[in-house]
Amino acid sequence: EVQLVESGGGLVQAGGSLRLSCAASGFSSDDYFDDYAYGWFRQAPGKEREGVSCIGVADGTTYYSDSVKGRFTISSNSAENTVYLQMNNLKPEDTAVYYCAALIFGTARAMSDGADFNSWGQGTQVTVSS
């Protein structure tokens, strides 16, 4: 099973930027980093988990929720088995625990379709102060 480790969270003022990383490992001889779609989800206290952005590495498709479109950029580096989420112009409402998740043979559409992602990271806290 794929293991995912997030990093890069922290405390930032409104209008600032952060870059989250998701390092993937544990691939077998039957699957590779590029076989997966990787999604970033977030969950704020008392709120439901929200899909933020997703990338299909194999086909290069991306998805952004309306709440982050134009401010966040998702990317991947197959040589490093890492997915990034560049977050600019952060707002207090972006405060949440951010999780990375993987779906084998998925595309970016998996997030908008509500697919069940196979593997999840432990999360990284992002706090945006006003």
Side-chain angles (χ1 to χ4, degrees):
E1 182 177 323
V2 174
Q3 289 87 51
L4 304 171
V5 179
E6 303 97 332
S7 61
L11 173 64
V12 65
Q13 288 188 330
S17 299
L18 284 173
R19 188 176 80 156
L20 304 184
S21 299
C22 173
S25 62
F27 301 104
S28 70
S29 58
D30 296 326
D31 65 337
Y32 303 91
F33 176 81
D34 289 9
D35 289 333
Y36 289 78
Y38 297 88
W40 285 98
F41 295 79
R42 67 186 182 187
Q43 188 165 22
K47 294 188 177 181
E48 291 188 357
R49 188 174 64 198
E50 172 191 8
V52 172
S53 183
C54 188
I55 186 167
V57 177
D59 65 1
T61 54
T62 58
Y63 164 85
Y64 298 94
S65 68
D66 289 341
S67 60
V68 306
K69 197 172 295 182
R71 299 188 298 122
F72 291 11
T73 302
I74 192 169
S75 62
S76 65
N77 185 324
S78 297
E80 297 179 351
N81 288 355
T82 302
V83 178
Y84 301 97
L85 186 67
Q86 177 67 43
M87 306 187 295
N88 297 329
N89 190 21
L90 283 161
K91 303 176 181 180
E93 51 264 43
D94 294 318
T95 295
V97 177
Y98 283 71
Y99 298 91
C100 178
L103 175 65
I104 193 167
F105 303 134
T107 69
R109 185 173 172 172
M111 181 169 283
S112 57
D113 287 349
D116 290 327
F117 282 67
N118 307 105
S119 303
W120 292 81
Q122 83 289 348
T124 185
Q125 177 71 46
V126 172
T127 303
V128 184
S129 63
S130 58

Task: Inter-residue atom distance C100.SG - L20.CG, 0.5 Å rounding - done: 9.5 Å
Open item on the list: Using side-chain heavy atoms (C-beta onward) and a distance below 4.5 Å, is V12 in contact with T127?
Closed with: no
Open item on the list: Do V52 and L90 sit in one hydrophobic cluster, given that two such residues count as connected whenever their side-chain heavy atoms are within less than 4.5 Å of each other, even indirectly?
Closed with: yes
Task: Short side-chain to backbone donor-acceptor contact, T82 and N77, under 3.5 Å - done: no
TODO: May I ask you to decide if R109's main-chain N or O and T107's side chain share a donor-acceptor pair within less than 3.5 Å?
DONE: yes
Task: Nearest atoms (heavy-atom pairs only) where T124 meets E6 - done: CG2-CB, 4.0 Å
- [ ] Using atom types as modelled and distance alone, determine if a side-chain donor or acceptor of Q43 lies under 3.5 Å from a backbone N or O of V97.
- [x] no
- [ ] Check whether M111 and W120 end up in the same hydrophobic cluster, where Ile, Leu, Val, Met, Phe, Trp and Tyr are linked by side-chain heavy atoms less than 4.5 Å apart.
- [x] yes
Task: Nearest heavy-atom neighbours spanning W40 and S21 - done: CH2-O, 3.6 Å
Task: Pair listing, ring pair (Phe, Tyr, Trp, His ring centres under 6.0 Å) test, anchored in residues 53-86, at least two apart - done: none
Task: Side-chain heavy-atom pair Q86, I74 within 4.5 angstrom cut-off - done: no
Open item on the list: On a heavy-atom basis, which atom in G51 and which in F41 lie closest, and how many Å separate them?
Closed with: CA-CD2, 3.6 Å
Task: Main-chain N/O of D59 paired to T61 side chain as donor or acceptor, under 3.5 Å - done: no
Task: Same apolar cluster: F33 and I104, side chain cutoff 4.5 Å - done: yes
Task: Considering all heavy atoms, the nearest V2-D31 contact - done: CG2-OD2, 4.1 Å
Task: Under 3.5 Å donor-acceptor, S130 side chain and P92 backbone - done: no
Open item on the list: I want to know whether F105 and Y36 have ring centres closer than 6.0 Å.
Closed with: no
Open item on the list: Is there a side-chain contact between M87 and D94 in this structure, where contact means two heavy atoms from C-beta onward sitting under 4.5 Å apart?
Closed with: no
Open item on the list: Within the structure provided, determine whether Y38 and F117 are in side-chain contact (heavy-atom separation under 4.5 Å).
Closed with: no
Task: Inter-residue atom distance C22.SG - N81.CG, 0.5 Å rounding - done: 10.5 Å
Open item on the list: R49: which residues meet the salt bridge (Lys or Arg N to Asp or Glu O under 4.0 Å) condition with it, sequence neighbours left out?
Closed with: none
Open item on the list: side chain to side chain contact (heavy atoms under 4.5 Å, CB included), that's the test. Do T95 and V126 meet it? Break it down for me.
Closed with: CA-CA 5 Å; T95 295; V126 172; 5.9 Å; no
- [ ] Considering non-hydrogen atoms only, spot the tightest contact between Q125 and A96 and give its length.
- [x] NE2-O, 3.4 Å
Open item on the list: Could you check whether any side-chain heavy atom of Q122 comes within less than 4.5 Å of a side-chain heavy atom of Y99, counting everything from C-beta outward?
Closed with: no
Task: Min side-chain heavy-atom separation V83-L4 under 4.5 Å - done: no
Task: Side-chain touch R42/S67, heavy atoms, less than 4.5 angstrom - done: yes
Open item on the list: How close do E1 and N118 get, counting heavy atoms only, and between which atoms?
Closed with: OE2-O, 4.3 Å
- [ ] Please examine the side chains of S53 and L85, heavy atoms only from C-beta on, and report whether any two atoms are closer than 4.5 Å.
- [x] yes
Task: Pair S17, N88: side-chain N/O donor-acceptor within cut-off below 3.5 Å - done: yes
